[in-house]
Amino acid sequence: MFAARRLLVRTAARASRTMASVPKATAAPMFGKVSTGLAAATLLAAASASAMTVAAPAHCGGIPVYGIPGTNQERTFLACKPDAVQRGLVGDIIQRFEKRGYKLVGLKMVWPSETMAAEHYADLKKKPFFPGLVKFFSSGPIVCMCWEGKDIIKQGRQMLGETQPLASKPGSIRGDYSIDLGRNICHGSDSPEAAEHELKMWFPEGVSDYSKSVDAWVYE
């Protein structure tokens with residue numbers, strides 16, 4: 001990190017000396033201002049890029065993207081479906097998991113293609129509702145999430161509620177926010193195997209491994 005900073009400082013110094021050595025008579029005043037502004041912008045961009053490179057999160061401990069089932073680092077895939085995004089429920093859903101103590105380690109918005117939707121629901125491809133499900137899941141952006149914590153796969157499903165919203169208890173996400181089976185707000189992995197498949201599919205770039213000081217107040 002310090003070496004990168006020293007290189008940036010030396011580069012800036014060389015650029016300043018070069019600019020100072022150009023005779024003022026060789027360019028119009030306005031051109032000189034543009035050149036100075038361009039050089040400053042270039043240096044600022046270089047500094048920003050350097051800072052971003054240095055600050056990029058490391059994947060400490062070699063934890064796979066799907067976590068370690070049966071531990072406090074178990075992970076699951078949850079998705080806010082197009083209906084949740086359209087209704088502005090994403091923040092409320094995230095808040096429920098955060099307030100309970102689970103850790104958000106992956107988050108992004110994706111507009112799935114029909115191919116991606118079909119791959120995601122491949123285990124249901126023989127069901128008569130499969131074509132409609134694929135069409136709906138690819139009808140707009142979804143919010144992909146990776147949550148980490150003790151028993152998160154099972155507990156995540158319980159927090160979502162039953163697949164059929166009308167069978168979901170009040171207090172669950174589906175019990176509070178949905179009525180129709182075809183608009184049931186969220187998807188959640190139902191097993192460690194499903195979580196592994198789905199997290200590898202939706203987060204091929206990996207997620208962020210990090211610790212939180214509050215974890216000491218969540219786990220013994």
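Residue numbers count from 1 along this sequence.
- Between Val105 and Asp209 the shortest side-chain heavy-atom distance does not fall below 4.5 Å.
- Judged by distance alone, the side chain of Glu74 and the main-chain N or O of Ile153 form a donor-acceptor pair under 3.5 Å.
- At a threshold of 4.5 Å between non-hydrogen side-chain atoms, the residues Lys81 and Ile185 do not count as touching.
- Cluster membership for Leu199 and Ile94, using ILVMFWY side-chain heavy atoms within less than 4.5 angstrom, is not shared.
- Its side chain within the 4.5 Å cluster rule, Ile179 clusters with Leu166 among the Ile, Leu, Val, Met, Phe, Trp and Tyr residues.
- Using a 4.5 Å heavy-atom threshold, the side chains of Gln86 and Arg183 count as separate.
- Between the side chain of Lys103 and the backbone N or O of Tyr210 there is at least one donor-acceptor pair closer than 3.5 Å.
- Not one N or O on the side chain of Asn72 forms a donor-acceptor pair closer than 3.5 Å with the backbone of Lys150.
- Hydrophobic clustering of Ile, Leu, Val, Met, Phe, Trp and Tyr side chains at less than 4.5 Å, counting indirect connections, unites Leu160 with Ile152.
- To the nearest 0.5 Å, atoms OG1 (Thr76) and CD (Glu148) are separated by 11.5 Å.
- Although no hydrogens or angles enter the test, the distance criterion places no donor-acceptor pair under 3.5 Å between the side chain of Ser178 and the main chain of Pro165.
- Summarising the local packing, NZ of Lys99 is surrounded by 12 or fewer heavy atoms from other residues, nucleotides or ligands at distances under 6.0 Å.
- Between the SG atom of Cys146 and the OH atom of Tyr66 there is a distance of 12.5 Å, given to the nearest 0.5 Å.
- Under the 4.5 Å side-chain heavy-atom criterion for Ile, Leu, Val, Met, Phe, Trp and Tyr, Phe130 and Met201 are members of the same hydrophobic cluster.
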Item to check | Verdict with reasoning, Leu78 to His187, per side chain to side chain contact (heavy atoms under 4.5 Å, CB included) | outcome: CA-CA 5 Å; Leu78 269 72; His187 165 85; over 6 Å; no

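- Remark: the backbone N or O of Cys186 is paired with a side-chain donor or acceptor of Arg174 at under 3.5 angstrom.
- The main-chain N or O of Glu196 is never found under 3.5 Å from a side-chain atom of Arg75 such that the two would form a donor-acceptor pair.
- Counting heavy atoms from C-beta on, the side chains of Ile173 and Arg96 come closer than 4.5 Å.
- Taking each heavy atom of Ser138 and Ala117 in turn, the nearest pair found is CB-CB, 4.3 Å.
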Item to check | Lys108 and Glu205: CA distance, side-chain angles, deciding distance, salt bridge (charged side-chain N to carboxylate O under 4.0 Å, His left out) verdict | outcome: CA-CA 11 Å; Lys108 63 182 177 181; Glu205 73 280 7; 3.1 Å; yes

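- In this structure the side chain of Phe129 reaches within 4.5 angstrom of the side chain of Leu124, judged on heavy atoms.
- Residues His197 and Phe77 form no side-chain contact, since every pair of their non-hydrogen atoms from C-beta on lies 4.5 Å or further apart.
- A donor-acceptor pair is defined here as one N or O able to donate and one able to accept, closer than 3.5 Å; no such pair exists between the side chain of Trp202 and the backbone of Cys144.
- Inter-residue side-chain proximity for Cys80 and Leu89 is flagged as unmet; no heavy-atom pair is nearer than 4.5 Å.
- We find the CG-CZ distance between Asp83 and Phe136 to be 3.5 Å, quoted to the nearest 0.5 Å.
- In terms of heavy atoms, Gly161 sits closest to Ser168 at C-OG, 3.6 Å.
- In the hydrophobic cluster analysis, where Ile, Leu, Val, Met, Phe, Trp and Tyr join through side-chain heavy atoms closer than 4.5 angstrom, Met159 is grouped together with Leu107.
- Taking the charged nitrogens against the carboxylate oxygens, Asp190 and Lys154 have no contact shorter than 4.0 Å, which rules out a salt bridge.
- There is no path of hydrophobic side-chain contacts, each under 4.5 Å, that joins Val110 to Val90.
- One N or O on the side chain of Asp176 and one on the backbone of Gly171 form a donor-acceptor pair closer than 3.5 Å.
- Contacts classified as ring pair (Phe, Tyr, Trp, His ring centres under 6.0 Å) and involving residues 86-108 (residues at least two apart or in different chains) are given here: Phe97-Trp147.
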Next on the checklist: Using ring-ring contact (aromatic ring centres under 6.0 Å, His included), reason through Phe137 and Tyr121 one step at a time and then give a plain yes or no.
Outcome noted: CA-CA 10 Å; Phe137 199 68; Tyr121 285 113; 5.1 Å; yes

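- Not a single donor-acceptor pair under 3.5 Å links the side chain of Ser189 to the backbone N or O of Ser191.
- Heavy-atom neighbours of Lys127 NZ from other residues, nucleotides or ligands within 6.0 Å: at or below the threshold of 12.
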